[in-house]
**Q** 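Have a look at the structure that comes next, please.
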Amino acid sequence: MASAPKEQSLPACPASKPPAPQETQEESEDQCAHCCERAGTLYCRNCAIVFCIECDAAVHVRGLRGHARVPASERPFMCPVHNDEEAKGFCFQDERLVCASCLMVGTGECAPHAEATKPLSDAAAAFCESFISLERELKVKEEEMEGELTALRALQAKINERVTNLNISLSLAREAQSKLAKAKAQSVKKIIQEAKSEKLAATEARDSVAAVFAEHTHLSSALSDLHKKYEQQQQPPPQPSSAIAAPAPAAAADNVAAPPKEVPAKEIKVPSLTALPAPRVLPEPPLMWPTEVTLSHDGSLFVGDWWVGGHAWQLFLDGSHAPLALTLDKAITCVLALEDGDLLALSGTKNTCKRIGKIAWLQQNLGRPWAMVLRGDTLYVTEAHAGQVVCINAETGSVFGNFGKKTLREPRGIALGPVGDIVVADSETKSIHIFDPQGIAQRVIGERLFVGPWGVCVDAMWRVYVADFHARKIYVLDGTTGALLSTIVIGATSQPRGVAVTPRGELVVSFEDGAFPPKGGLAVIG
């Protein structure tokens, strides 16, 4: 019995060797699948792998020589599911290559999709048509994008032009800002120089005022010395001592001259005040509790009424008068007329200062404003409860300063001296305080003389007229030395509150009679 032929084994490729452990790179499709070293050039349809020339010659011997081999570039597509099976078609539903095993009825993965599967040639043709259609659509889209790109380029050009214009504008603005800053710096420098010049001029003016004041003091002292010499000359010569030692007969006693009596200081009068006429009370206007009396630029007078709410009166040079409605609630303590026709009014209960007319403003929260006086654009207002004089800009109504806080207690009347000094009557310290134009305290006059000074005014000869409300008198003082020059009484029960001197030298006094309900009026002296 013939023995079965022995199974012959495939000869190994003499050039094959196991790959190095460190080589982990995936095998290339063009690499020989047998030796994994050389490039594959032939594809065996039976073995379904790629061989290099050496491995092909070594493997396909004897019975394997009949294997169908083609160039590696013509190898067929393989099924992604069955790696050793050639793809026979393309499933358009699963969108993948399929082999014969995939199309087997009942067992293949794509058996239910047999109708959607086409041969590779038909699939390639369909793919070509789809590719051509996609290429056409891509061309259309490309043309559309080219148009949009052209529009975007035009828009970019406009934006670049706008940015350039903005950069030019910004450069011009920076240049203008730089010029403005330089001009502002020069203006500030000029203002500082002008302020220094004005300060220097003010210092020189102050020195001049001080010199005038010193000269006035010297003249007042010389005048006082002349008065003393004149009084000494008017006294009779003293009697000899022998005549004094011998007793005189009683019958001859009437013929002996009596020694002169000392004249009290309050009765000393300067020549211009020796012949003052008696005060005459004006029948009109009907006042109840009149307050401060002020003089306007045209010579007319203004007086407020504390008792009658919101009323004040203007008195003209011909003796007529007219009421003023100042739209204040009550307690008008002072009314002042400006050259442009506007009025300034103080309210003692509302604690306000108000400007009425072409320019209108309202300054609130003052401490019982009582009287005011204007110099230039600065309004000086006495605050009776705050114990100071506040400085207000007459144009804007803003407060920019104050003075007298250390010396004043209850300031009432206020006036300007002939050399710019500020004269304030204080009813609590019972004296007259004099400040220089800068608000610095200079001197105090009338101490231990007054009982309750309220109103005050000054004439061109530096005579200070003080209305003492509680003493019911008007005192006339020398503004330089503080000497008492005269005393005026309006009436036994009349309490003077405001006082002013007219351009004709007349003294106008506001007063009340002290009764209830109050009744007041105006008196003119001169």
**Q** Are Met461 and Pro418 packed together at the side-chain level, in the sense that at least one heavy-atom pair is separated by less than 4.5 angstrom?
**A**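 No. Closest side-chain heavy atoms not under 4.5 Å.
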**Q** Apply side-chain contact (heavy atoms from CB on, under 4.5 Å) to Tyr380 and Val424, showing your working.
**A** CA-CA 10 Å; Tyr380 301 98; Val424 180; over 6 Å; no
**Q** Could you walk me through whether Leu343 and Leu338 satisfy the side-chain contact (heavy atoms from CB on, under 4.5 Å) test, starting with their C-alpha distance in whole Å, then the side-chain angles of each, then the deciding distance to 0.1 Å, before giving a yes or no?
**A** CA-CA 6 Å; Leu343 293 179; Leu338 304 180; over 6 Å; no
**Q** Once rounded to the nearest 0.5 Å, what's the spacing between atom CD1 of Ile474 and atom OG of Ser486?
**A**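 Here the interatomic distance stands at 10.0 Å.
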**Q** Restricting to non-hydrogen atoms, name the atom on Leu301 and the atom on Val293 that form the minimum distance, rounded to 0.1 Å.
**A**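 Minimum heavy-atom contact is CD2-CG1, 4.3 Å.
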**Q** Under the side chain to side chain donor-acceptor pair (under 3.5 Å) rule, collect the residues that match up with Arg368, sequence neighbours excluded.
**A**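 Side chain to side chain donor-acceptor pair (under 3.5 Å) list for Arg368, sorted by chain: empty.
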**Q** When rounded to the nearest 0.5 angstrom, what distance separates CZ in Arg412 from CD in Glu292?
**A**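 Reported value, rounded in 0.5 Å steps: 9.5 Å.
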**Q** Could you walk me through whether Phe302 and Gln314 satisfy the side-chain contact (heavy atoms from CB on, under 4.5 Å) test, starting with their C-alpha distance in whole Å, then the side-chain angles of each, then the deciding distance to 0.1 Å, before giving a yes or no?
**A** CA-CA 5 Å; Phe302 289 85; Gln314 181 179 10; 3.4 Å; yes
**Q** Distance from Asp377 atom CG to Leu379 atom CG, nearest 0.5 Å?
**A**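 Going from the CG atom of Asp377 to the CG atom of Leu379 covers 10.5 Å.
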**Q** Might you point out which heavy atoms bring Val509 and Pro496 nearest each other, and give the distance in Å?
**A**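 Taking Val509 first and Pro496 second, the nearest heavy atoms are CG1-CB, 3.6 Å.
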**Q** Can you tell me if NZ on Lys179 sees more than 12 non-hydrogen neighbours from other groups inside 6.0 Å?
**A**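 No - once you tally the heavy atoms of other residues, nucleotides and ligands closer than 6.0 Å, there are 12 at most.
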**Q** State whether the side chain of Asp305 and the backbone N or O of Met288 hold a donor-acceptor pair below 3.5 Å, judged by distance alone.
**A**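 Indeed, once roles are kept as given, a pair shorter than 3.5 Å links the two residues.
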**Q** Any ion pair linking Arg409 and Asp426 (charged N to carboxylate O, less than 4.0 Å)?
**A**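 Looking at Asp426 and Arg409, the cut-off is not met.
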**Q** Say you draw a straight line from CD of Glu428 to NZ of Lys430; how long is it, rounded to the nearest 0.5 Å?
**A**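 Atom-to-atom, Glu428:CD and Lys430:NZ are 7.5 Å apart.
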**Q** Would you call Ile525 and Ile488 a side-chain contact if the rule is heavy atoms closer than 4.5 Å?
**A**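 Heavy-atom side-chain distance check passes, below 4.5 Å.
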**Q** Just so I know, are the side chains of Phe511 and Asp513 near enough to count as touching, which here means a heavy-atom distance under 4.5 Å?
**A**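 A side-chain contact under 4.5 Å is absent here.
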**Q** Do the side chains of Leu295 and Pro503 get nearer than 4.5 Å, heavy atoms only?
**A**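 Yes, at least one pair of side-chain atoms sits under 4.5 Å.
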**Q** Against Tyr475, only a single residue in Trp454, Phe469, Phe450 fulfils ring pair (Phe, Tyr, Trp, His ring centres under 6.0 Å); can you say which?
**A**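 Passing option: Phe450.
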**Q** With the side chain counted from C-beta on, respond yes when Val423 and Trp462 share a heavy-atom pair under 4.5 Å apart, and no when they do not.
**A**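 Counting from C-beta outward, Val423 and Trp462 do come under 4.5 Å.
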**Q** Shortest non-hydrogen contact from Leu287 to Leu522?
**A**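 Here Leu287 and Leu522 meet closest at CD1-CG, 3.9 Å.
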**Q** So, for Thr480 and Arg443, which heavy atoms are closest and what is the spacing to 0.1 Å?
**A**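 Heavy atoms only, the tightest pair is O-NE, 3.6 Å.
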**Q** Step by step, work out the side-chain contact (heavy atoms from CB on, under 4.5 Å) result for Cys391 and Val389.
**A** CA-CA 7 Å; Cys391 304; Val389 178; 5.5 Å; no
**Q** Answer whether the closest heavy-atom distance between the side chains of Ile414 and Ile422 falls below 4.5 Å.
**A**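 Yes, their side chains come closer than 4.5 Å.
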**Q** Can any side-chain N or O of Thr203 pair as donor or acceptor with the backbone N or O of Lys199 at less than 3.5 Å?
**A**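 Yes, because the side chain of Thr203 sits within donor-acceptor range (under 3.5 Å) of the backbone of Lys199.
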**Q** Do Gln364 and Thr352 pair up side chain to side chain, a donor and an acceptor below 3.5 Å, judged on atom types alone?
**A**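 Not at all, the side chains of Gln364 and Thr352 share no donor-acceptor pair under 3.5 Å.
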**Q** Can you name the nearest heavy-atom pair linking Pro290 to Val303, along with the distance?
**A**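 Here Pro290 and Val303 meet closest at CB-CG2, 4.0 Å.
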**Q** Determine, step by step, whether Glu447 and Ser431 satisfy the side-chain hydrogen bond (donor to acceptor under 3.5 Å, both in side chains) criterion, reporting the C-alpha distance in whole Å, the side-chain angles of both residues, the deciding distance to 0.1 Å, and the verdict.
**A** CA-CA 5 Å; Glu447 294 179 292; Ser431 56; 5.3 Å; no
**Q** Side chain of Asn160, backbone of Gln156: donor and acceptor closer than 3.5 Å?
**A**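 The answer is yes, because a donor-acceptor pair under 3.5 Å joins these two groups.
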**Q** Judged by atom type as modelled, is there a donor-acceptor pair below 3.5 Å linking the side chain of Ser510 to the main-chain atoms of Thr291?
**A**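 Side chain of Ser510 to backbone of Thr291: a pair is present.
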**Q** Which atom pairs, one a donor and one an acceptor, fall under 3.5 Å between side chains of residues 135-145 and the rest of the protein, sequence neighbours left out?
**A**
none

**Q** Side chains of Trp361 and Thr396: does their closest heavy-atom pair fall under 4.5 Å?
**A**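 A side-chain contact is absent here, since even the closest heavy-atom pair is not under 4.5 Å.
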**Q** Quick one: list whatever passes side chain to side chain contact (heavy atoms under 4.5 Å, CB included) with Ala205, sequence neighbours left out.
**A**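 Scan of Ala205 (side chain to side chain contact (heavy atoms under 4.5 Å, CB included), adjacent residues dropped) gives none.
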**Q** Working to the nearest 0.5 Å, report the span between CG of Leu366 and CG of Leu346.
**A**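 Nearest 0.5 Å value for the CG-CG distance: 7.5 Å.
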**Q** Tell me if a side-chain donor or acceptor on Gln363 pairs with a main-chain N or O of Gly397 at a distance below 3.5 Å.
**A**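 At least one qualifying donor-acceptor pair exists.
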**Q** Using atom types as modelled and distance alone, determine if a side-chain donor or acceptor of Asp421 lies under 3.5 Å from a backbone N or O of Asp436.
**A**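 No, because the side chain of Asp421 does not come within donor-acceptor range (under 3.5 Å) of the backbone of Asp436.
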**Q** Do the charged groups of Glu512 and Arg497 touch, with an N to O distance under 4.0 Å?
**A**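 Judged by the 4.0 Å cut-off on N to carboxylate O distance, Glu512 and Arg497 do form a salt bridge.
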**Q** Heavy atoms only: give me the nearest Asn351-Gly367 pair and the separation to one decimal.
**A**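 Of all heavy-atom pairs spanning Asn351 and Gly367, the closest is OD1-C, 4.3 Å.
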**Q** Do Ser300 side-chain atoms and Ser296 backbone N/O form a donor-acceptor pair below 3.5 Å?
**A**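 No; judged by distance alone, with no hydrogens or angles, the pair does not exist.
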**Q** Atom CG in Leu336, atom SG in Cys353: separation rounded to 0.5 Å?
**A**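 It comes to 9.0 Å.
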**Q** We want to know whether Asp459 and Tyr465 form a side-chain donor-acceptor pair, criterion being a heavy-atom distance below 3.5 angstrom.
**A**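 The criterion, which ignores hydrogens and geometry beyond distance, is satisfied for Tyr465 and Asp459.
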**Q** Is the side chain of Glu410 donor-acceptor paired with the backbone N or O of Leu408 at a distance under 3.5 Å, no angle test?
**A**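 The answer is no, because no donor-acceptor pair under 3.5 Å joins these two groups.
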**Q** For the residue pair Ile434 and Val464, establish whether any side-chain heavy-atom pair is separated by less than 4.5 Å.
**A**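 Result no, sub-4.5 Å side-chain heavy-atom pair not found.
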**Q** Counting only heavy atoms not in Gln438, do more than 12 sit closer than 6.0 Å to its CD atom?
**A**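 Atom CD in Gln438 is crowded, with more than 12 foreign heavy atoms closer than 6.0 Å.
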**Q** Pick from Val390, Val381, Thr382, Ile392: which one makes a side chain to side chain contact (heavy atoms under 4.5 Å, CB included) with Pro369?
**A**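 Single side chain to side chain contact (heavy atoms under 4.5 Å, CB included) partner of Pro369 among Val390, Val381, Thr382, Ile392: Val381.
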**Q** Could you check whether atom CD of Glu194 has more than 12 heavy atoms from other residues, nucleotides or ligands sitting under 6.0 Å from it?
**A**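 Atom CD in Glu194 is crowded, with more than 12 foreign heavy atoms closer than 6.0 Å.
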**Q** Give a yes or no answer on whether the side chain of Ser178 reaches the backbone of Arg174 with a donor-acceptor pair at less than 3.5 Å.
**A**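 Here the side-chain-to-backbone pair does not exist.
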**Q** With a 3.5 Å distance limit and no angle check, can you tell me whether Thr294 reaches the backbone of Val335 through a side-chain donor-acceptor pair?
**A**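 Yes: the side chain of Thr294 pairs with the backbone of Val335.
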